[in-house]
Amino acid sequence: WMTLTFFFILAPTSSIVPIRDLAFEHRMYLPSAFVVAAVILISWSLMRRMLESSKQPNVLRLGIGTMTIAVLLMLGFRTHLRNLDYQSGQRLWQSAVEASPKNPRAWYSLGQVLYKRGDKEAALEPMIKAVGYSNEPVAIYDAGLAGCLLHIGRLDDAIKLYKRAIENKADYSQAFNDLGVISLKRGEFDEARSYFTQASELGNAEAFYNLGWLERKQGAFDDAERHFRKALALQPNLGSAARQVAWLTATRASVTEQELIAAQELLEQHYDLKLTRSSGALDTAATIAAGQGKLDAAVEYSKQALAAAQANDQPDEDWVAE
């Protein structure tokens with residue numbers, strides 16, 4: 001009965017309503033309970049029979065107890081080692097690729113952890129393996145590798161992978177957005193706008209932000225603010241969009257005191273101006289203070305913005321020069 005129960009519990013998600021994904025260990029928790037129960041019952045039955053027929057039951061009890069404690073200690077230690085894998089995403093996925101060296105999903109996940117941590121060059125090799133070990137093109141693997149190639153300047157290869165990702169997933173908004181970023185790098189503004197527009201139509205907040213940035217650079221400030229506000233509506237914690245809205249509000253020709261106060265509140269919702277090292281946020285605070293006539297505060301914020309910009313690992317020399 002316990003053997004049948006194991007398969008009965010797995011049957012619905014394997015045949016009736018199959019989960020179309022890789023096998024995950026949590027699907028085995030409940031079915032395994034019956035296997036564990038069966039092992040315990042069988043062991044208990046065997047031990048009782050051995051004790052009943054033993055001429056030295058106390059010695060046998062001692063031996064059984066010692067073996068039980070040893071097994072528990074070994075399982076406990078193994079559980080401890082397994083829990084160490086969960087201390088970080090990198091360690092978890094590193095253990096996964098060590099256990100299954102040709103698993104593309106594990107390699108992709110390891111690359112994602114490294115990429116999001118900012119170590120994009122280290123993410124390149126796992127992303128290459130994810131694409132290489134996949135039996136067929138997978139959109140997220142192609143886009144992941146393309147992001148790494150974009151970082152190291154291999155733009156043509158990145159474009160090919162992004163376009164292949166879109167061929168396999170037509171609504172891949174991030175791929176459209178990143179193609180727009182590449183077009184911006186090349187100075188192809190019309191093409192960038194086209195990609196950003198396609199990504200924004202798919203609800204990509206970053207694409208709305210990029211459209212706003214492009215409009216601001218080209219002097220269309222009303223359109224820029226509209227795009228930044230849309231990005232903020234889709235992603236309320238997007239501090240860069242909030243900062244842009246605050247700056248555009250503060251630099252209007254006929255800005256009111258109430259609008260300046262609203263801009264200040266919006267900026268302070270996303271940045272702690274006493275602690276932030278964001279030169280853009282500090283520059284925006286200076287702009288708002290100047291609009292309110294608080295010139296001493298504006299000068300101080302400007303000095304902090306300049307210091308923050310110069311302290312960056314890669315200072316924006318054009319911005320500092322301005």
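All of these numbers come straight from a predicted model, not from anything done at the bench.
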A.B. asks: Could you check whether any side-chain N or O of Q218 sits under 3.5 Å from a backbone N or O of E215, counting only pairs where one atom can act as donor and the other as acceptor?
C.D. replies: no

A.B. asks: If you draw a 6.0 Å radius around CG in D190, do more than 12 non-hydrogen atoms from other residues or ligands fall strictly inside?
C.D. replies: no

A.B. asks: Hey, does the side chain of S32 reach the backbone of V35 with a donor-acceptor pair shorter than 3.5 angstrom?
C.D. replies: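 No, the answer is negative, given that no donor and acceptor are paired below the 3.5 Å cut-off.
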
A.B. asks: Thinking salt bridges, do R186 and D156 make one under a 4.0 Å N-O criterion?
C.D. replies: yes

A.B. asks: Hydrophobic clustering (ILVMFWY, side-chain heavy atoms < 4.5 Å, transitive) - are I152 and V131 grouped together?
C.D. replies: yes

A.B. asks: If every non-hydrogen atom of L114 is compared with every non-hydrogen atom of A123, which pair is closest and at what distance?
C.D. replies: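 Heavy atoms only, the tightest pair is CB-CB, 3.9 Å.
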
A.B. asks: Between atom CG of L60 and atom NZ of K55, what is the distance when rounded to the nearest 0.5 Å?
C.D. replies: 14.0 Å

A.B. asks: Side-chain contact, heavy-atom cut-off 4.5 Å: N210 with L214?
C.D. replies: no

A.B. asks: Can you find a pair of side-chain heavy atoms, one from L124 and one from K120, that are under 4.5 Å apart?
C.D. replies: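 With C-beta onward as the side chain, the pair stays apart.
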
A.B. asks: Counting only heavy atoms not in D272 (residues, nucleotides, ligands), do more than 12 fall under 6.0 Å from its CG?
C.D. replies: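 It does: D272 CG has more than 12 such atoms within range.
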
A.B. asks: Regarding Q264 and E268, is there a side-chain donor-to-acceptor distance under 3.5 Å anywhere?
C.D. replies: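 Note: Q264 and E268 side chains meet the donor-acceptor criterion.
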
A.B. asks: A side-chain contact here means heavy atoms from C-beta on lying under 4.5 Å apart; do N204 and F208 qualify?
C.D. replies: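 They are not in side-chain contact.
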
A.B. asks: At what distance, to the nearest 0.5 angstrom, does CG of D142 lie from CD of E167?
C.D. replies: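 So the gap between those two atoms works out to 9.5 Å.
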
A.B. asks: Validate the cation-pi geometry between K169 and Y172: distance from NZ or CZ to the six-membered ring centre under 6.0 Å, angle to the ring axis within 45°.
C.D. replies: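 Flagged: K169 positioned over aromatic ring of Y172.
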
A.B. asks: Is it the case that E206 and Q174 place a side-chain donor and acceptor less than 3.5 Å from each other?
C.D. replies: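 Checked: E206/Q174 side chains pair up, N/O donor to acceptor below 3.5 Å.
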
A.B. asks: Hey, does S200 have a side-chain heavy atom less than 4.5 Å from the side chain of L211?
C.D. replies: yes

A.B. asks: I would like to know whether E225 and R252 meet salt bridge (Lys or Arg N to Asp or Glu O under 4.0 Å); could you show each step before the answer?
C.D. replies: CA-CA 11 Å; E225 183 175 347; R252 286 179 192 157; 2.6 Å; yes

A.B. asks: Can Q112 and R117 be counted as having a side-chain donor-acceptor contact under 3.5 angstrom?
C.D. replies: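 No.
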
A.B. asks: Check whether any side-chain N or O of S100 sits under 3.5 Å from a backbone N or O of A96 as a donor-acceptor pair, and report yes or no.
C.D. replies: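 Checked: no pair found.
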
A.B. asks: Between the main-chain N or O of A130 and the side-chain N or O of S134, is there a donor-acceptor pair closer than 3.5 Å?
C.D. replies: no

A.B. asks: Is there a path of hydrophobic side-chain contacts, each under 4.5 Å between heavy atoms of I/L/V/M/F/W/Y residues, joining M28 to F7?
C.D. replies: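 Yes; M28 is reachable from F7 via cluster members.
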
A.B. asks: Is there a side-chain contact between V299 and K303 in this structure, where contact means two heavy atoms from C-beta onward sitting under 4.5 Å apart?
C.D. replies: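 The answer is yes; the side chains approach within 4.5 Å.
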
A.B. asks: Minimum heavy-atom separation for A250 and I288, please, with both atom names.
C.D. replies: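 Nearest heavy atoms, A250 then I288: CB-CG1, 3.7 Å.
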
A.B. asks: Go through the steps for I182 and Y195 under the test side chain to side chain contact (heavy atoms under 4.5 Å, CB included), then give the verdict.
C.D. replies: CA-CA 10 Å; I182 294 174; Y195 282 128; over 6 Å; no

A.B. asks: Determine, using the 4.5 Å side-chain heavy-atom cutoff (strictly less than), whether I159 and Y141 are members of one ILVMFWY cluster.
C.D. replies: no

A.B. asks: Is it true that a side-chain atom of H151 and a backbone atom of G147 form a donor plus acceptor pair closer than 3.5 Å?
C.D. replies: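 Flag not set: sc H151 to bb G147 has no pair under 3.5 Å.
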
A.B. asks: Please determine whether the number of non-hydrogen atoms from other residues, nucleotides or ligands lying under 6.0 Å from atom CD of E257 exceeds 12.
C.D. replies: yes

A.B. asks: Does S95 use its side chain to pair, donor to acceptor, with the backbone of L92 at less than 3.5 Å?
C.D. replies: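 Yes.
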
A.B. asks: When rounded to the nearest 0.5 angstrom, what is the spacing between CG in D157 and NZ in K160?
C.D. replies: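 Answer for the CG-NZ pair, D157 versus K160, is 6.0 Å.
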
A.B. asks: Is there a chain of hydrophobic side chains (I, L, V, M, F, W, Y, each step under 4.5 Å between heavy atoms) that links Y115 to L149?
C.D. replies: no

A.B. asks: Where is the tightest heavy-atom contact between A263 and A246, given as atom of each residue plus distance?
C.D. replies: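 Reported closest heavy-atom pair: O-CB, 3.6 Å.
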
A.B. asks: Nearest 0.5 angstrom please: Q244 CD to L266 CG, how far?
C.D. replies: 11.5 Å

A.B. asks: Any idea which heavy atoms bring A290 and A298 closest together, and the distance?
C.D. replies: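 That closest heavy-atom pairing would be N-CB, 3.8 Å.
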
A.B. asks: With a 6.0 Å cut-off on the ring centroids, do F228 and Y209 count as close?
C.D. replies: yes

A.B. asks: Give the minimum heavy-atom separation between L282 and Y301, together with the two atoms involved.
C.D. replies: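 Looking at all heavy atoms of both residues, the closest pair is O-CB, 3.6 Å.
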
A.B. asks: Tell me, please, whether W44 has R49 positioned over its six-membered ring: NZ or CZ under 6.0 Å from the ring centre and within 45 degrees of its axis?
C.D. replies: no

A.B. asks: For a side chain to side chain contact (heavy atoms under 4.5 Å, CB included) check, start with the C-alpha distance between M127 and W107, then their side-chain angles and the critical distance, and finish with the verdict.
C.D. replies: CA-CA 6 Å; M127 290 300 187; W107 281 112; over 6 Å; no

A.B. asks: Is the backbone N or O of L273 less than 3.5 Å from a side-chain atom of T276, with the two atoms forming a donor-acceptor pair by type?
C.D. replies: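 Side chain of T276 to backbone of L273, a donor-acceptor pair under 3.5 Å: no, none is there.
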
A.B. asks: Could you give the distance from NZ (K294) to CG (L260), rounded to the nearest 0.5 Å?
C.D. replies: 9.5 Å

A.B. asks: Does a sphere of radius 6.0 Å around CG in D296 hold more than 12 heavy atoms from other residues, nucleotides or ligands, not counting ones at 6.0 Å or beyond?
C.D. replies: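 At most 12 heavy atoms, drawn from other residues, nucleotides or ligands, come within 6.0 Å of this atom.
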
A.B. asks: Which atom names give the shortest non-hydrogen contact between A146 and L161, and what distance separates them?
C.D. replies: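 Nearest heavy atoms, A146 then L161: CB-CB, 3.8 Å.
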
A.B. asks: Measure centre to centre between the rings of F34 and F6, then say whether the value is under 6.0 Å.
C.D. replies: no

A.B. asks: Could you tell me whether the side chain of R216 reaches within less than 4.5 Å of the side chain of W247, counting heavy atoms only?
C.D. replies: yes

A.B. asks: Does F176 reach the side chain of T197, with side-chain heavy atoms less than 4.5 Å apart?
C.D. replies: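 The answer is no, as the side chains (C-beta and beyond) never meet within the 4.5 Å cut-off.
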
A.B. asks: Distance from I140 atom CD1 to L145 atom CG, nearest 0.5 Å?
C.D. replies: 12.5 Å

A.B. asks: Indicate if W93 and Y133 have the same hydrophobic cluster label, given that clusters are the connected sets of ILVMFWY residues with side-chain heavy-atom separations under 4.5 angstrom.
C.D. replies: yes

A.B. asks: Less than 4.5 Å apart, side chain to side chain, heavy atoms only: is that true for N58 and R61?
C.D. replies: yes

